[in-house]
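Below you'll find the structure, written out as structure tokens, and then a few comments.
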There are 4 protein chains.
Amino acid sequence: MYRALIIESAERVFADAGFEATRVQDVAAECGISLATLYGVFRGKNELYSAIHKERLVELMGRISHELDPDVDPLDSIIERDRIYVEFHMEHVDYLRMHLREGNAWAAGASLRVPEQAQAWARGLELGTAAFAACIEAGLMIEDDPALLFRTSVAMNQVRLAAWIDGGQRESSDEVTQRMRRAFVRAFCPAHIVAERLA
Amino acid sequence: MYRALIIESAERVFADAGFEATRVQDVAAECGISLATLYGVFRGKNELYSAIHKERLVELMGRISHELDPDVDPLDSIIERDRIYVEFHMEHVDYLRMHLREGNAWAAGASLRVPEQAQAWARGLELGTAAFAACIEAGLMIEDDPALLFRTSVAMNQVRLAAWIDGGQRESSDEVTQRMRRAFVRAFCPAHIVAERLA
Amino acid sequence: MYRALIIESAERVFADAGFEATRVQDVAAECGISLATLYGVFRGKNELYSAIHKERLVELMGRISHELDPDVDPLDSIIERDRIYVEFHMEHVDYLRMHLREGNAWAAGASLRVPEQAQAWARGLELGTAAFAACIEAGLMIEDDPALLFRTSVAMNQVRLAAWIDGGQRESSDEVTQRMRRAFVRAFCPAHIVAERLA
Amino acid sequence: MYRALIIESAERVFADAGFEATRVQDVAAECGISLATLYGVFRGKNELYSAIHKERLVELMGRISHELDPDVDPLDSIIERDRIYVEFHMEHVDYLRMHLREGNAWAAGASLRVPEQAQAWARGLELGTAAFAACIEAGLMIEDDPALLFRTSVAMNQVRLAAWIDGGQRESSDEVTQRMRRAFVRAFCPAHIVAERLA
DNA sequence: GATGAATGAGCCTTCATTCAT
DNA sequence: GATGAATGAAGGCTCATTCAT
């Protein structure tokens with residue numbers, strides 16, 4: 001089936017040019033197939049775009065959206081989720097580039113083009129906010145609006161991922177995750193937790 | 001001169017719809033002038049877009065890009081710059097909305113549509129990186145890649161500004177700046193500075 | 001305004017080629033204008049087609065659809081309506097050709113492409129059926145299903161009009177109407193009325 | 001052989017949607033065969049359409065186009081032909097629906113899509129005109145252009161057939177033929193023949 | 001022989017841009 | 001200077017048709 005091939009090629013083209021500037025013809029050319037063949041698999045440009053997001057976001061949300069284990073330290077739970085988020089995007093670089101180009105959901109949820117993105121963002125925001133609230137409750141995090149903190153953490157992760165791409169994708173996901181963890185703790189935890197965790 | 005009128009109207013339309021989805025016709029209608037008149041002032045859609053950025057970025061860079069006073073505490077200098085950045089965007093909400101919609105330069109410098117943006121980002125990155133490096137040098141900031149820290153700080157500011165818009169633009173720039181300052185110090189300074197500054 | 005020019009040109013092209021085989025490009029070329037100009041006046045092929053029908057049918061129905069004068073002989077009333085119908089189409093030959101090509105509503109009302117046509121046919125059928133029923137009631141017409149008789153009369157008129165076109169459009173509307181009247185009386189009236197009217 | 005199956009299925013689809021709106025794919029689906037198989041039997045959409053008409057029209061013309069028996073009353077000969085025409089179409093309802101949708105040859109001979117139709121119409125017109133002329137010659141029919149009378153009679157038959165379909169195809173061909181015969185005599189015969197034949 | 005898979009060519013529609021008035 | 005009117009140049013999408021298996 002062409003489906004997977006098309007999705008991968010389309011990710012590359014969308015990542016390079018953005019949704020609007022991408023011509024369906026270009027995607028077909030990138031796949032090495034004809035326009036009509038592509039339209040045989042996806043019903044149109046929008047559906048193709050949606051399909052990419054659905055494909056990737058279902059996987060990402062599947063990995064990430066389980067309820068947090070109450071026995072695990074809530075701070076570690078969040079950091080673990082961030083690790084999954086980062087690892088996933090490092091496995092799907094072209095999707096990451098699409099994400100970085102158009103996906104600043106934290107800035108304007110309304111700007112998301114397809115329902116799959118909007119739903120995933122809504123779900124992620126819900127889960128993230130709850131997790132941050134739990135940390136605040138437990139005294140593990142500074143007192144502030146948990147939704148705002150979560151959005152900030154997403155932006156910080158995106159910066160790290162963007163820097164990873166700019167730097168030639170050389171670092172391993174473990175290295176990136178480690179750095180991210182330190183920045184995270186510093187940004188969101190009270191002094192004694194910072195001291196304890198970053199010792 | 002129509003110039004200022006067109007720029008303001010165009011900001012609104014671009015902010016609402018994004019560059020690609022905005023039709024020049026719509027901008028003219030928003031201005032209450034004819035298409036041909038608009039083309040008499042700006043040579044095309046791209047030039048209009050550039051002109052907006054030039055107009056705003058020249059002002060912003062003018063306010064922000066003086067060399068830092070060596071007598072002033074380098075940390076305070078950065079925070080002052082952030083204050084200016086935030087204040088400026090709170091005075092130009094439509095431009096801010098354009099900025100948030102398309103301007104995640106920290107993520108992908110290559111995605112910037114117009115040279116004005118690219119230059120301003122390059123200059124800002126240069127200044128910011130130097131300032132962060134000075135702070136690190138002075139032991140006021142944690143040791144890390146100053147460019148990465150700067151990009152992170154930009155993203156954090158953008159999140160704050162986005163939240164300010166989402167929240168109905170109720171807070172004053174002072175309130176936003178205060179909160180931003182605390183988040184900044186926490187995220188980027190070593191423990192003893194945090195203790196000192198957030199006392 | 002191009003509206004009238006386009007409608008006339010489009011009638012010609014649609015009459016020659018039929019709706020499906022007509023390319024909007026052809027209509028524009030027939031008008032001597034560009035495609036985009038045509039689209040500035042009509043929003044699309046369907047709307048253009050509808051507009052033609054609306055334009056013509058509003059006029060035709062305006063001429064034809066008044067209530068019948070109860071003082072006038074009901075048979076004469078119907079014949080008068082037929083005269084108007086024929087005269088109208090002889091004034092609008094290209095519309096007549098479209099009508100003959102696609103407008104066999106009497107055969108399959110469901111096949112009408114645009115609402116304007118469907119409504120006009122529904123209204124015409126209603127009026128015609130009522131008028132025929134009145135004639136039957138008055139003993140001026142043979143006893144049969146008035147709707148069927150009406151549909152037959154429409155088909156007969158269309159044959160006359162088609163023959164008029166095939167014959168080079170030489171006859172006057174009076175001549176055509178006269179012949180039509182004789183055929184009408186013969187086909188639908190009982191013997192004594194035929195004798196009386198065709199004396 | 002798929003030939004007959006395809007023709008029957010295609011008739012149904014063409015009757016429902018019309019030539020232009022029918023996709024070859026839909027015909028294949030209706031047959032339950034693949035597109036390529038269909039193209040193995042017919043060389044294209046046009047040829048398929050032609051084949052349907054050829055198939056049906058050869059049969060119809062075979063039944064109808066013998067020379068008239070000079071010993072039989074010429075009026076009865078025509079009525080007998082009409083009976084055959086009606087009976088044939090009542091046996092092939094989908095073909096009848098195609099015929100009613102696109103086949104108003106009496107209106108515009110030029111609009112016939114395929115040569116089979118055009119030839120059959122030309123032959124039918126020739127035969128019909130000759131037969132009507134013979135009736136006129138014999139004083140059995142009113143004096144008028146025999147071709148026009150023939151075209152009118154075809155239209156009248158089509159109206160009856162359309163009404164038969166609309167009415168749920170309940171009447172037998174004998175019933176329809178009877179009614180048609182009465183309408184025919186009334187429309188085309190002089191008073192004394194009407195009196196004699198409709199007694 | 002039957003088919004799934006593939007495509008070339010074309011049509012409708014949009015929009016940035018120009019120019020005569 | 002301002003504009004209404006006009007258009008060239010694309011882009012999304014469809015469908016009749018073919019061909020390797």
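All values below were derived from every heavy atom in this structure, side-chain atoms included, with hydrogens, water molecules and symmetry-related copies excluded. Numbered from 1 within each chain, the chains take letters A, B, ... in sequence-line order.
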Nearest-nucleotide comparison on DNA chain E, the residue closer to the 5′ end among A:Tyr2 and A:Leu35: A:Tyr2
Nucleotide nearest D:Ser34 (side chain, heavy atoms from C-beta), chosen from E:dT3, F:dA6, F:dG12: E:dT3
Upstream residue (5' side of DNA chain E) when D:Ile33 and B:Lys45 are each assigned their closest nucleotide: D:Ile33
d(CD, A:Glu20; P, E:dT14) in whole Å: 16 Å
Spacing of B:Leu5 atom CG relative to F:dA2 atom C1', expressed in whole Å: 14 Å
Length of the CG-P vector between B:Leu38 and E:dT18, whole Å: 13 Å
Short side-chain N/O contact from D:Tyr39 to OP1 or OP2 of F:dT17, under 4.0 Å: yes
Separation of atom CD1 in B:Ile6 from atom C1' in F:dT3, rounded to whole Å: 14 Å
side-chain N/O A:Thr37 vs E:dA6 OP1/OP2, d < 4.0 Å: no
Exam field: side chain B:Arg101 to backbone B:Asp16, donor-acceptor pair closer than 3.5 Å: yes
Between P of F:dG11 and CZ of A:Phe19, the distance in whole Å: 14 Å
Salt-bridge criterion met for D:Glu20 and D:Arg113 (N-O under 4.0 Å): yes
A:Arg43 CZ - F:dC15 C1' separation (whole Å): 16 Å
Of A:Ala36 and C:Gly40, the one whose closest DNA chain F nucleotide lies more 5': C:Gly40
Donor on one side chain, acceptor on other, D:Glu11 and D:His92, under 3.5 Å: no
Counterpart base for E:dG10, defined by Watson-Crick or G-U wobble contacts under 3.5 Å: F:dC13
d(CD, D:Gln25; P, E:dT7) in whole Å: 17 Å
Identified pairing partner of E:dA20, criterion: Watson-Crick or G-U wobble below 3.5 Å: F:dT3
Between F:dT17 (C1') and D:Tyr49 (OH): distance, integer Å: 20 Å
Separation between CD of C:Gln25 and NZ of C:Lys45, rounded to the nearest 0.5 Å: 12.0 Å
Check: D:Leu5 main-chain N/O paired with D:Ser9 side-chain donor or acceptor under 3.5 Å: yes
